[in-house]
Structures are given as C-alpha cells and as structure tokens.
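Have a look at the structure below before the remarks.
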Amino acid sequence: MNESPQIVAGNWKMNLTLSQGREFLRRFKEFMGQSRPPRQLLLAPNFTLLAGLAEACGELGIGLVAQNCAPQESGAYTGETSVAMIRDAGAGWVIVGHSERRHLFNEDDELLRLKLQAAAAGGLRPIFCVGETLEQRQSGKAAAVVLGQLETGLEGFAGAGLMIAYEPVWAIGTGQTAVPEDARQMHLEIRRFLARRFAGGGLIPILYGGSAKPQNAAALLAQPEVDGLLVGGASLDPESFWRIARA
Ligand code: PGA
C-alpha cells in the first residue's frame, strides 16, 4: 500500500471540444467549492485542448495528462505529437499503452517501450496501462499477460515518475467492473513485479481502470492495493467525476 494520496485520473478519450472542456472545468470548480476531494486529480483531454485548459486546471490543482505521445523526438512524422510539444502545452503526464491504442491502433509492447523511454527522456511522467482480454482471463492467463506487458514495456526504463494503470480490457467501457477482490489480486502481482524490478518499486502508484463510476469507486478505492482510479466515461460529467474523486 502506498502512503501518498490516492489518485483519480479522468481520460476523456476523443470527447469534448475546447469550449466543452472549459465548461466542464467551470462546473467542476463549483463542486470543488462545495468540498475538495482529498485526492490528487488528473485529467487527460485530447491534445487540442491541453494548452487551452492548462491555466484553469492549474488553478484547480488538476494535473494535465496527454493521452499518447510519439516515440520519436521530432521530425517527419505527420500527425504525431512529441513529448516536448506535450510539455510545452502544459501537461506533466502521458498515458502510454491504453488498451484502445493497443487493440484499435495495433500498438505493441515494443513500440510502447520506446514511448515510455521517450516520455522519461523528455521529463513526462508516464501512466503505463496494462490489462488482459476476457479470453485471456477465462483461460487463466491474466497475470501472465499483464506481467509480460510490464516486462517488455519497462525494459530499460529507470522507474522515475512511473504510474501503472491496470485496466482489464473486458471492463473498459462495458459497464462491467472487475470485482474489487480481483483488482486487488492483480494489483498485488503488479506490485511484486515492480518491487523486484525497481528500487522502491513497491511505492509506484497502481491505478485501476475499467467502468469505474460513482457507485463502485468507494469499494475499489478501499482495496489496499488500489492507489487510485483511471476513469473513462464517468469522467466526462463534472458531477460524476467529482463524486468519484470524493468516494
Ligand atoms: P471506462 O474507461 O471508465 O469508460 O471503462 C476507462 C479507460 O479506458 O481508461
């Protein structure tokens, strides 16, 4: 169990325009005025919103996260966004290896390893996502898959600033959440791996993600191995994100 404050991170995916993002923060600020959650808050809007939301997020103490980054430093890579550009836009973290990147855009562990290293070299703190599919879980391979993703992705990574998000693929956007006990078990496996791999690795925050919502956030956050949540759909509404943050 990590002694630092728990983390609640919202991943907006490809949702919300800049004006909608501003409106979200305006309303979120009202909820924060009622009661400020005792947790570290992060938000991952689309790249096009980062610079425009940086100031308002800063005022609310919300850390800005990019949803992806290029493995290359700069150059002829049309459509890509570098770590330096992300930092310049005001973000301090980046999600690497989200299951939608892995499964819809064919990002493999080797590419993710390069992205993790690019993030570390450029001073962005990565939130590295891992997780098994339903088929892998049903065939008893969940832990092997997750540990394999960590093994390859983190090869050569020094560990500074790292956060892990365990997101079982079958739980993302499906309304089906892992039972808190299953989440705790997998977090423990991940924790042991990190403790073997890095000095002080047992303190690396491990978030749970996959259909987290106000109704189940408290039970998930109460698990001793769960250091926080990565929230997709339920982070698009300021009230539900605030309720999760306070759960
Ligand atoms: P969800 O997404 O909360 O909508 O399931 C989680 C995520 O993809 O990070």
Side-chain angles (χ1 to χ4, degrees), residues 6-16 20-21 24 28 37 39-47 49-50 62-69 86 91 93-107 112 115-116 119 124-134 136-137 142 145-146 149-150 153 162-180 182-183 186-187 190 204-221 223 226-247:
Q6 288 181 313
I7 296 147
V8 174
N11 174 11
W12 286 354
K13 309 190 180 186
M14 200 173 74
N15 294 294
L16 307 190
Q20 290 169 330
F24 174 104
F28 193 72
R39 301 202 163 93
Q40 181 183 357
L41 302 183
L42 302 176
L43 270 182
N46 192 274
F47 288 129
L49 279 65
L50 290 174
I62 299 174
L64 261 187
V65 184
Q67 297 176 12
N68 185 22
C69 68
I86 292 168
W93 290 262
V94 61
I95 297 174
V96 174
H98 188 277
S99 88
E100 286 145 21
R101 302 295 322 167
R102 291 176 185 267
H103 296 281
L104 303 175
F105 300 98
N106 299 319
E107 296 196 359
L112 300 176
K115 291 189 177 201
L116 284 167
L124 265 187
R125 286 161 283 185
I127 303 174
F128 182 39
C129 300
V130 293
E132 81 284 359
T133 61
L134 186 57
Q136 289 163 336
R137 172 156 286 264
V145 167
V146 166
Q149 290 169 342
L150 291 169
L162 179 67
M163 232 185 263
I164 302 292
Y166 168 56
E167 299 205 303
V169 177
W170 47 270
I172 297 176
T174 58
Q176 201 185 333
T177 324
V179 230
D182 286 346
M186 187 64 85
H187 280 225
I190 295 171
I204 290 172
I206 307 170
L207 315 184
Y208 168 82
S211 299
K213 41 188 179 259
Q215 297 87 321
N216 59 26
L220 289 162
L221 288 165
Q223 295 300 312
V226 173
D227 300 317
L229 298 174
L230 181 53
V231 186
S235 72
L236 291 170
D237 173 64
E239 181 171 4
S240 87
F241 188 57
W242 174 74
R243 285 174 58 206
I244 293 170
R246 291 177 69 239

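Just so you know, ligand 1 is whichever comes first in the structure, and atom 1 is the first atom listed for that ligand. Only a predicted model underlies this, so the values are computations on that prediction, with no experimental measurement involved.
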Does an N or O anywhere in G173 fall below 3.5 Å from an N or O of ligand 1? yes

Could you check whether the rings of F241 and F28 sit parallel, tilted or perpendicular, using 30° and 60° as the cut-offs?
tilted

> Judged by atom type as modelled, is there a donor-acceptor pair below 3.5 Å linking the side chain of E167 to the main-chain atoms of S99?
Replying inline: no

**Prompt:** Mind checking whether G232 has an N or O less than 3.5 Å away from an N or O of ligand 1?
**Reply:** yes

One finds that the ligand 1 atoms under 4.0 Å from a non-hydrogen atom of L230 are 9 (O)

Any heavy atom of A171 closer to ligand 1 than 4.0 angstrom? yes

| Whether Q67 side chain and A44 backbone form a donor-acceptor pair below 3.5 Å | yes

Quick note on ligand 1: atoms under 4.0 Å from a heavy atom of N11 include exactly 9 (O)

The reported gap from CG in N68 to CD1 in I86 (rounded to nearest 0.5 angstrom) is 7.5 Å

Separation between CD (Q223) and CG (D182), nearest 0.5 Å, reads 9.5 Å

Ligand 1 to G233, heavy atom cutoff 4.0 Å, flagged ligand atoms 1 (P), 3 (O), 4 (O)

| Going by heavy atoms, is K213 under 4.0 Å from ligand 1? | no

Residue set satisfying side chain to side chain donor-acceptor pair (under 3.5 Å) with T133, at least two apart, ordered chain then number -> Q136

| Heavy-atom contact under 4.0 Å between G210 and ligand 1? | yes

A student checking ligand 1 against H98 at a 4.0 Å heavy-atom cut-off should list atoms 7 (C), 8 (O), 9 (O)

In this structure, NE2 of H98 is separated from CD of E107 (nearest 0.5 Å) by 11.5 Å

Per-atom filter on ligand 1: closer than 4.0 angstrom to a heavy atom of S211 are 1 (P), 3 (O), 5 (O)

the protein heavy atom lying closest to atom 9 (O) of ligand 1 turns out to be E167 OE2, 2.7 Å

